Amino acid sequence: MRVDADYAAELDRADVLGAYRSRFYLPEGGLYFDGNSLGLLSRDAEAAVLRTLEEWKTLGIEGWLGAPQPWYYLGEALGRLSAPLIGAEPDQVVVTGTTTTNLHALLATFYQPTGERRKIVATALDFPSDLYALRSQIALRGGDPEADLILVGSEDGRTVDEERIIAALDETTAILLLPSVLYRSGQLFDLARLTSAAHECGALIGLDCCHSIGVIPHRFDAWGVDFACWCNYKYLNNGPGGTAGLYINQRHFGRTPGLAGWWGSNKARQFDMATGFDAAPDAGAWQISTIQVLSAAPLHGSLTIFAEAGIAAIRAKSLRLTGYLIDLLEAHGLTTAPYSYRIGTPRDETRRGGHVAVEHDDAPRIVKALKARGVVPDFRPPDVIRLAPIALYTSFADVWQLVQHLRAIIDGGEHEAFAKERDLVA
Ligand SMILES: *Cc1c(COP(=O)(O)O)cnc(C)c1O
């Protein structure tokens, strides 16, 4: 393992995705390692927003059908463009709503507790919003969230053993609901295996792919996943709070959406204004409200970059970046005494998502000290510094510099000048 800056430069020269960096606006200093929380703006996404504003300016209401990409079909069109990223036939994907509300819409459809089969299996390390949604859906069905939500625990506080998830499934399981990647440690689950396990015991499987969409290839159709949701503002760079996405396996087409709204109508009939709901024949049926055209517009630009670069090349570089980061942290002695920072992310490439979790009691202060130097990571309680080098806009030289900053901060005790409390938005 070479630890010199020249080696980072060599890796950058050999990088087939290097040219994409110039398509993005990097914040001052350019050391942005938080693209797993909020992806950066690309010139393509910016152009798509400006185009949309121009359409609104010049077309008014006529934009619904008269814009070059008619707004009326925007959710379906963006779903089609997203489909290759999740390995799905296009009509199973739609861009709509937001992550947690989409999860609610999916659970309201697919969580049908009957007889003994009323439990939802999830993990104790899930993103809190997903757990809040699960408990409230159980309560809405008259169930007991304490009894009906089974949270598979973690032995090490960072990862969840798939064997334990599978062992938790039985004839009382209605749904296995999992994140593809745990948001804190970055553990990637074997989704093909877990899908088979859920189906073997007669349960459905739903996935939250917020931390894998745009950084890891998926094969939903081949695996047979039942339903999924994700946000588009992390690795897909759709902007803060940007419109999200969902997937419905075609074997479930024709089911009545649990939370119906007119935007889920059969498009040809929607403006009949009939009092009965005539649902779209595909995933489009799970839309509820008018698409937020301005919040979906950036995705149109952003997805063109993903189509050009290809998700396989993005995954390959992402693994090289995170692997290089872990190697450098170790080579600089940071993972052994006296530094003793711990790597919480699995080393195994088949188990690793798109970011690296570095654990230490000083994490909140280290994050502040990094930001004071113009380096942007994020912090997750209790002790995790998350660092996400992004294939489309982070260079190997950036990763090298990050590690130099980190080591200098610790050696100089710079973090000791900061309060131990995390910021309001960390
Ligand atoms: C980011 C993220 C969310 C965010 O939910 P919103 O409804 O978009 O605020 C939900 N779940 C997971 C797993 C996430 O990573």
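Just so it is clear, the model here is predicted, and its values are computed rather than measured. First listed ligand is number 1; within each ligand, the first listed atom is number 1.
Compare His211, Lys234, His104, Arg184 by their heavy atoms: the one nearest to atom 14 (C) of ligand 1 is in Lys234.
Here the straight-line distance linking atom CD of Gln401 with atom CZ of Arg373 works out to 11.0 Å at 0.5 Å rounding.
Counting heavy atoms from C-beta outward, Thr96 and Ile291 have side chains that stay 4.5 Å or more apart. Between Leu53 and Leu294 there is a side-chain heavy-atom pair separated by less than 4.5 Å.
Contact annotation: for Cys210 versus ligand 1, heavy atoms closer than 4.0 Å belong to the side chain alone.
Taking a cut-off of under 4.0 Å to the non-hydrogen atoms of Tyr233, the atoms of ligand 1 that pass are 1 (C), 4 (C), 5 (O), 6 (P), 8 (O), 9 (O). Annotation for ligand 1: atoms under 4.0 Å from non-hydrogen atoms of Thr100 are 5 (O), 6 (P), 7 (O).
With Phe127 as the aromatic partner, Lys234 meets the cation-pi criteria of under 6.0 angstrom to the ring centre and within 45 degrees of the ring axis.
Annotation: Asp208 places an N or O atom under 3.5 Å from an N or O atom of ligand 1; distance criterion only. Every N/O-N/O distance between Thr101 and ligand 1 stays at or above 3.5 Å.
Among Asp398, Asp15, Asp12, the one residue that satisfies the salt bridge (Lys or Arg N to Asp or Glu O under 4.0 Å) test with Arg21 is Asp398. Under the ring-ring contact (aromatic ring centres under 6.0 Å, His included) rule, Trp64 has a single partner from Phe271, Tyr72, Tyr73, Trp71, which is Trp71.
The shortest contact between atom 3 (C) of ligand 1 and any protein heavy atom is with Phe127 CE2, 3.5 Å.
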